[in-house]
Amino acid sequence: MRALRELLITGGDVIDERGTRRADVRVRDGNVVEVGPDLARDADEQSLDAAGCVVSPGLVDLHVHLREPGDEEAETIETGTRAAARGGFTAVVAMPNTRPALDDAAVVSSVLATGAAAGLCEVVSSGCITVGRAGEQLAPMGELYALGVRIFTDDGSCVASAGVMRRALEYAASLPGAVVAQHAEDETLAHGGHMHEGAWSSRLGIPGRPAVAETVIVARDIELCAVTGTPVHFLHCSAAGTVALVRAAKARGLPVTAEVAPHHFALTDACCEGFDPMFKVHPPLRTRTDVEAIREGLADGTIDAIATDHAPHTPEAKERPFEEAPPGMLGLETALAVTITELVDPGILALEDALALLSWRPAAIAGLAGQGRPVEPGNPANLVVFDPAHEWEVRADRLASRARNTPFDGRTLRGRVKHTLLGGAPVVIDGEATR
Ligand SMILES: [Zn+2]
C-alpha cells in the first residue's frame, strides 16, 4: 500500500516524555509536521478521529518470538507483526531462538528483509551471544552488530557459563550501544520443572522451577556487569528477589536494565490449578508476593520496560498435558490493555509512566532512534492512538496472531488500540490492520 502523504489525527490527548496536552497531530511524508489545538484540515487530507483517545509514540517490544525461520506454523514475521501493529507496537525485537538461530549474518539479514517487506512494524533483530545458542563459543557478534544488532541474547536458554558470559560482555564492550540480555534461569536448578516451585506446585504434584534459579544468575551477572562495565539487560524478570537485586545494582550505578512481561504482573501460580497449559511459561508465573514486588519495581523505576515475551505455539503443541506442553504465551495484542487494567486503573502507575515502560524507555535500551520519540515536528510518525477506557473481551479466535495461546482468553480488559501509524502510514485503522 502506498504511504498516504498527509494525514491529520484530531481531538486526542498527546502523551509523550514531554507530558500531556490536547492537540491535533499532522503527519506528512512519514514525519510529524505540526502539533497543536484545532489544526485546520487541508482539502485532500485524510483524517483519523482520536476523540477520547490518547496519541502517543508507538509501543516498542524488546521481546518477541516471531518463530520465522523454522516454526512458521506457529507464527510468521508477517502474522506476528500484524499482531504487533494491532497491539499498538511500532517496533519489536525478534528473539534468536528460531531454526536456524539468529547467530549468522545471512539469517539476521533475511529476518530484517522479511520484516521490512511486511511493512507492519519495525522489525529489529536480536543476535545470539553464542553459536547455535549452545552456550559455548561466541557468535560473530561484530558481524551481527554491523547489520544493526544491538541486543545480544541466547533467549530461550540461559548463558550458563560465567566464563562465556564474561567473554561476551568483554567483547560487547567494544560495540557502542550493545546490550547483553540474559534469560536468567539456572537449568541445574530449574531443569525438569514446569511451574513455580512452591505451595501450588506441591499441591498439584507438578515439579517446580524455583525463584532462586533466576536470582542466582541475576546476582552473578550483576557482578560480571560490574567488572566489565558492559550494559546487561535482564529479560522477563519474574521473582521478588530479582527486583531487589536490580534495584541494588542500579543504586551502585551499574548499567543494568530489566524488563517484565504482563503475565508476570497480572497472573500468579494459582492459575495453574486447573492444569491448563495456557498458564505454562518460562520463567513461570510466581506468587502474589512476587507479583507485588514486580509492581513495586515498576512503580519506583527499578524495572525499565514492559516486554511481552510473545511466544506463539500451535494448538497441537499447546493442547497437550501440562508437563508435555511447551512453555510460552501470546502477548502482543493484550499487553497495553493488561497494563492499563492491572496497573493504571488501580493507580499503581500513571498512564504516562506506563507508556514510558512500553515505548520510550525500551526504545532507548534497543537504541532505536526513530521510536519512542516525542510527538513533535521533525520526528518520525511512529504513533499509536488508543482509547484507554474502551472495554473489550479478549477472544483467542479473533487475534491476528497465527497462534491462539493467550492466557487472557475470555477476560474483559480496558484499553483498546484504535489506530497505529508506522512511518506515517496507518497500518491499523479502527482496530483493523490495513495490510
Ligand atoms: Zn526467555
Side-chain angles (χ1 to χ4, degrees), residues 61-67 70-71 74-75 80 92-99 101-103 124-130 132-135 139 149 151-161 164-165 168 179-191 193-196 209-218 220-221 232-239 242-243 246 256-265 267 277 279-286 290 294 303-313 317-318 325-332 335 362 365-366 403 405 407:
D61 194 341
L62 293 173
H63 196 141
V64 172
H65 298 276
L66 294 174
R67 301 298 191 215
D71 290 291
E75 194 80 286
V92 296
V93 179
M95 287 293 110
N97 56 337
T98 48
R99 298 182 298 155
L102 304 182
D103 63 356
V124 182
S125 182
S126 67
C128 291
I129 296 171
T130 66
R133 299 169 47 251
V149 170
I151 294 185
F152 292 92
T153 178
D154 279 357
D155 185 52
S157 302
C158 182
V159 178
S161 159
V164 170
M165 189 65 178
V179 180
V180 177
Q182 178 69 289
H183 172 124
E185 274 193 307
D186 183 310
E187 271 302 310
T188 65
L189 291 167
H191 183 72
H194 302 284
M195 65 175 291
H196 172 67
R209 302 170 81 84
V212 71
E214 179 172 295
T215 54
V216 74
I217 297 292
V218 171
R220 182 198 82 180
D221 288 354
V232 173
H233 178 71
F234 293 109
L235 302 163
H236 46 47
C237 298
S238 66
T242 298
V243 179
V246 170
V256 166
T257 53
E259 67 180 40
V260 299
H263 48 262
H264 284 131
F265 61 71
L267 305 172
F279 297 102
K280 181 174 176 180
V281 64
H282 292 173
L285 302 178
R286 300 204 190 270
D290 295 293
I294 285 170
I303 305 296
D304 301 89
I306 294 170
T308 63
D309 192 8
H310 180 83
H313 292 289
K318 201 63 175 167
M329 304 170 166
L330 300 183
L332 285 167
I365 291 168
N405 55 303

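Because the structure is a prediction, the values reported are computed rather than measured. One-based numbering, in listed order, for ligands and for the atoms of each.
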Return yes when at least one N/O/S atom of [X] is nearer than 2.8 Å to the Zn ion (ligand 1), and no when none is.
X      : answer
Glu185 : no
His183 : yes
His282 : no

- [ ] Indicate whether any N or O donor in one side chain lies under 3.5 Å from an N or O acceptor in the other, for Asp304 and His233.
- [x]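 Checked: Asp304/His233 side chains show no N/O donor-acceptor pair below 3.5 Å.
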TODO: Would you please say whether a donor-acceptor pair under 3.5 Å links the side chains of Asp155 and His63?
DONE: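 Judged by distance alone, the side chains do pair up.
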- [ ] Write the atom name of the N, O or S atom in Asp155 that is nearest the Zn ion (ligand 1).
- [x]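 Result for Asp155 and the Zn ion (ligand 1): OD1.
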Open item on the list: So that I can tick it off, tell me whether Asp103 and Arg133 are bridged by a salt bridge, with the cut-off set at under 4.0 angstrom between side-chain N and carboxylate O.
Closed with: no
Open item on the list: Under the side chain to side chain donor-acceptor pair (under 3.5 Å) test against Ser238, which residue among Arg209, Glu214, His263 passes?
Closed with: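 Only one option passes, and that is Glu214.
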